[in-house]
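What you are looking at is a predicted structure, and each value in this text was computed from that prediction instead of being measured.
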Amino acid sequence: MAEKNEIIETGKCELLDIFIEEEDRKGADLLKMSDFFNVFIGKIGAEMKFETEWEVDLDIRGLLGQIAAAIKGGFDISKMGMLVADYSHFSQEIIDGLKEGIYHVGESKEVAGNLRPAILDENEQLVKFFTLKKAINPAEVLSDISTLSMQTSLKSISAQIEDVGRDVKGMIDFARREALSNKFMYARDRVMSASTAGPEEQEDLLKEADTYLMQGLEDLYSDITAQVKKLADQKVPFASIKAIDTLLSYINEDMQMIPRYVGLRVYLLNLRGKNDDVNRILGQYQYQLQTLTERKIGDGKYTALELIHEYYPYKEGNMDFWLERPKQMLEAVGSYKTMLNQKNNDIFLIDVEDAEDE
C-alpha cells in the first residue's frame, strides 16, 4: 500500500470513467446523476480481483454466524480478523433473507460427502455457494477493502433515504438544490481535468476537487442544522402543513447529498493514499450524525431526529426510519474507521464468483 504522502499515478481514463452518462458530465442536479457508489464499488472490486493474491479456505466451521453478519452488513470485525462480503455477488434478496431469518449460512453437501460453504433456505435447500478467501498480504489490500465496504454502506444509506423521501409531499426548490450541488460540480470539473493530466498536475487538480467537496459538505452541514432549527420553531397546532413538508423535503435532500459528497471525498483521498484525512472526514460525518441523534434542540424536548420522526408522514413499510437508520449509519462509519486500523490482522473476502458451477 502506498505511503500516505505519495502521489499515486492513476490511469488517464480511470477518473473520467466515474462520470459515465451525459448527465454525470454536464448536468447541474446531483440527485439526477448516476449512482456513483455503484461505479466506485465496481472499480475497486475489479482491482481487488485482478491484483490481489488470495488463499481459498473452505473450512468455515465455527464461523457461520460471523459470515452471516458480514454478508448482511458488508463487513464484520472479529477475533479472526476482518470478514468482508463482496456485495456485487450477493443479491438484495439474499441479504434480506439472512436478515429476516429465511436464509442461513451453513454447509451444503454438493457431491458424495464433500461439504461446501453455502447459503441455505429454511428447508436446507441450496440458495448460493460461496468461497472464503484469505488475503496473502492484508496490508496491500486494506485500503481497497475498507473503501469497498464504506462505499457499500453509503450506497445503502443514500438509497434508503431516497426511498423514504417519496412520502414527503412538499415542493422541492430547484434553485436551492442547484446551489448545494454546485461545489460537487466544480469538483467534478477538476476530476475530469485530472483524468488527462500528468502526475503533478493531476495531484494539484485533485487537491482542488477535495477543497470544493469540503466546502460543499460544510454548506450542507450548515443547511441541515438551519432546516432542523426552523422545524423546531414551528408552533403546533398552528404550524402550516405545507411549511413542515417543505422543511422535511429539504432535510431529506441534504441527507441524500451528504453521503454522496462524503463518498467522493473518501474515494479520491484513498486514491491519493491520504488515510489520515479519510479518518478525519469520516470523523466529521460521524460527529454530524451524532449531533442530530443525541443533542436536544428547541425547548429541549427532542433531538433533531426525534423531531423529524414526530412530523414525518410515515407509511407502514418505513415506520421509525429516522430513529433507527441513523444509528446504523453511525455503526457503519465507526466500523469503517476501525477497519483502517487493522493493518496487521487477517482479511477474508466472502465471494461467490469463484465457486464451481452450481
Side-chain angles (χ1 to χ4, degrees), residues 29-31 153-154 156-184 213-265 280-315 318-334:
D29 187 346
L30 176 56
L31 298 186
S153 298
L154 291 175
S156 175
I157 290 166
S158 180
Q160 291 190 43
I161 293 175
E162 181 180 1
D163 185 62
V164 76
R166 295 191 181 101
D167 295 339
V168 176
K169 305 301 189 295
M171 294 296 293
I172 298 297
D173 183 346
F174 180 79
R176 172 188 176 276
R177 178 189 290 181
E178 187 178 35
L180 290 172
S181 299
N182 277 346
K183 297 299 194 318
F184 194 99
L213 292 170
M214 177 270 293
Q215 292 171 347
L217 265 177
E218 292 301 325
D219 289 346
L220 281 163
Y221 289 148
S222 296
D223 188 75
I224 198 169
T225 299
Q227 302 304 333
V228 169
K229 184 178 184 302
K230 290 178 183 177
L231 191 63
D233 290 341
Q234 298 298 307
K235 304 300 182 184
V236 179
F238 305 107
S240 161
I241 293 177
K242 182 179 179 181
I244 289 174
D245 277 353
T246 299
L247 290 170
L248 291 174
S249 296
Y250 291 166
I251 291 167
N252 190 280
E253 276 203 324
D254 288 350
M255 292 292 280
Q256 286 183 66
M257 288 186 183
I258 288 170
R260 295 178 188 230
Y261 271 89
V262 172
L264 185 55
R265 284 200 82 185
R280 178 175 55 80
I281 302 316
L282 290 172
Q284 291 172 347
Y285 182 38
Q286 194 173 35
Y287 174 79
Q288 294 295 328
L289 289 173
Q290 286 173 333
T291 298
L292 294 172
T293 304
E294 300 170 2
R295 185 177 297 173
K296 300 291 184 181
I297 61 173
D299 59 8
K301 186 177 180 180
Y302 297 114
T303 66
L305 294 179
E306 287 171 344
L307 183 65
I308 295 169
H309 171 75
E310 286 294 310
Y311 282 119
Y312 214 84
Y314 286 117
K315 292 182 180 177
N318 59 29
M319 292 298 290
D320 299 337
F321 177 92
W322 289 107
L323 293 183
E324 299 301 325
R325 186 55 186 162
K327 295 177 184 177
Q328 296 172 27
M329 296 183 202
L330 282 167
E331 290 173 4
V333 174

State whether the side chain of Gln288 and the backbone N or O of Gln284 hold a donor-acceptor pair below 3.5 Å, judged by distance alone.
-> no
Between atom CG of Leu220 and atom CG of Leu180, what is the distance when rounded to the nearest 0.5 Å?
-> 5.0 Å
Partners passing side chain to side chain donor-acceptor pair (under 3.5 Å) against Lys229 (at least two apart in sequence or in another chain) = Asp233
Separation of Glu310 CD from Ile308 CD1 (nearest 0.5 Å) = 11.5 Å
Report yes if the side chains of Met214 and Tyr261 come closer than 4.5 Å at any heavy-atom pair, otherwise no.
-> no
Enter the distance from Glu294:CD to Leu289:CG here, rounded to the nearest 0.5 Å.
-> 10.0 Å
Where Ile244 and Leu231 come nearest, the two heavy atoms and their spacing | CG2-CD1, 4.1 Å
Pair Asp29-Arg177, side chain to side chain contact (heavy atoms under 4.5 Å, CB included): steps then yes or no | CA-CA 7 Å; Asp29 187 346; Arg177 178 189 290 181; 2.7 Å; yes
With sequence neighbours excluded, residues passing side chain to side chain donor-acceptor pair (under 3.5 Å) with Asp223 | Arg176, Gln227
What one should report as the nearest heavy-atom pair of Arg260 and Phe184 is O-CE1, 3.9 Å
Do the side-chain N and O atoms of Tyr312 and Asn252 include a donor-acceptor pair separated by under 3.5 angstrom?
-> yes
Scanning both residues in full, the closest heavy-atom pair of Thr303 with Thr293 reads CG2-O, 3.3 Å
Take atom NZ of Lys296 as the centre, draw a 6.0 Å sphere, and report whether it contains more than 12 heavy atoms from other residues, nucleotides or ligands.
-> yes
Shortest non-hydrogen pair, Ser181 vs Met257, comes out as OG-CE, 3.6 Å
Side chains of Trp322 and Met255 in contact at under 4.5 Å (non-hydrogen atoms) | yes
Calculate, to the nearest 0.5 Å, the distance between atoms CG and CG belonging to Leu292 and Leu305 respectively.
-> 5.0 Å
Working to the nearest 0.5 Å, report the span between CG of Asp245 and OH of Tyr311.
-> 11.5 Å
With side chain to side chain contact (heavy atoms under 4.5 Å, CB included) as the test, would you mind laying out the steps for Tyr221 and Asp254 before giving the verdict?
-> CA-CA 8 Å; Tyr221 289 148; Asp254 288 350; over 6 Å; no
Can you sort out the partners of Asn182 under side chain to side chain donor-acceptor pair (under 3.5 Å), two or more places apart, ordered by chain and number?
-> none
Sidechain-backbone polar pair: Gln256 side chain, Glu253 backbone, donor-acceptor under 3.5 Å | no
Could you tell me which non-hydrogen atom of Pro259 sits nearest to which non-hydrogen atom of Tyr285, and how far apart they are?
-> CG-OH, 3.7 Å
Residue pair Glu306 / Lys301: nearest heavy atoms and the distance that separates them = OE1-O, 4.2 Å
Between the main-chain N or O of Ile297 and the side-chain N or O of Tyr302, is there a donor-acceptor pair closer than 3.5 Å?
-> no
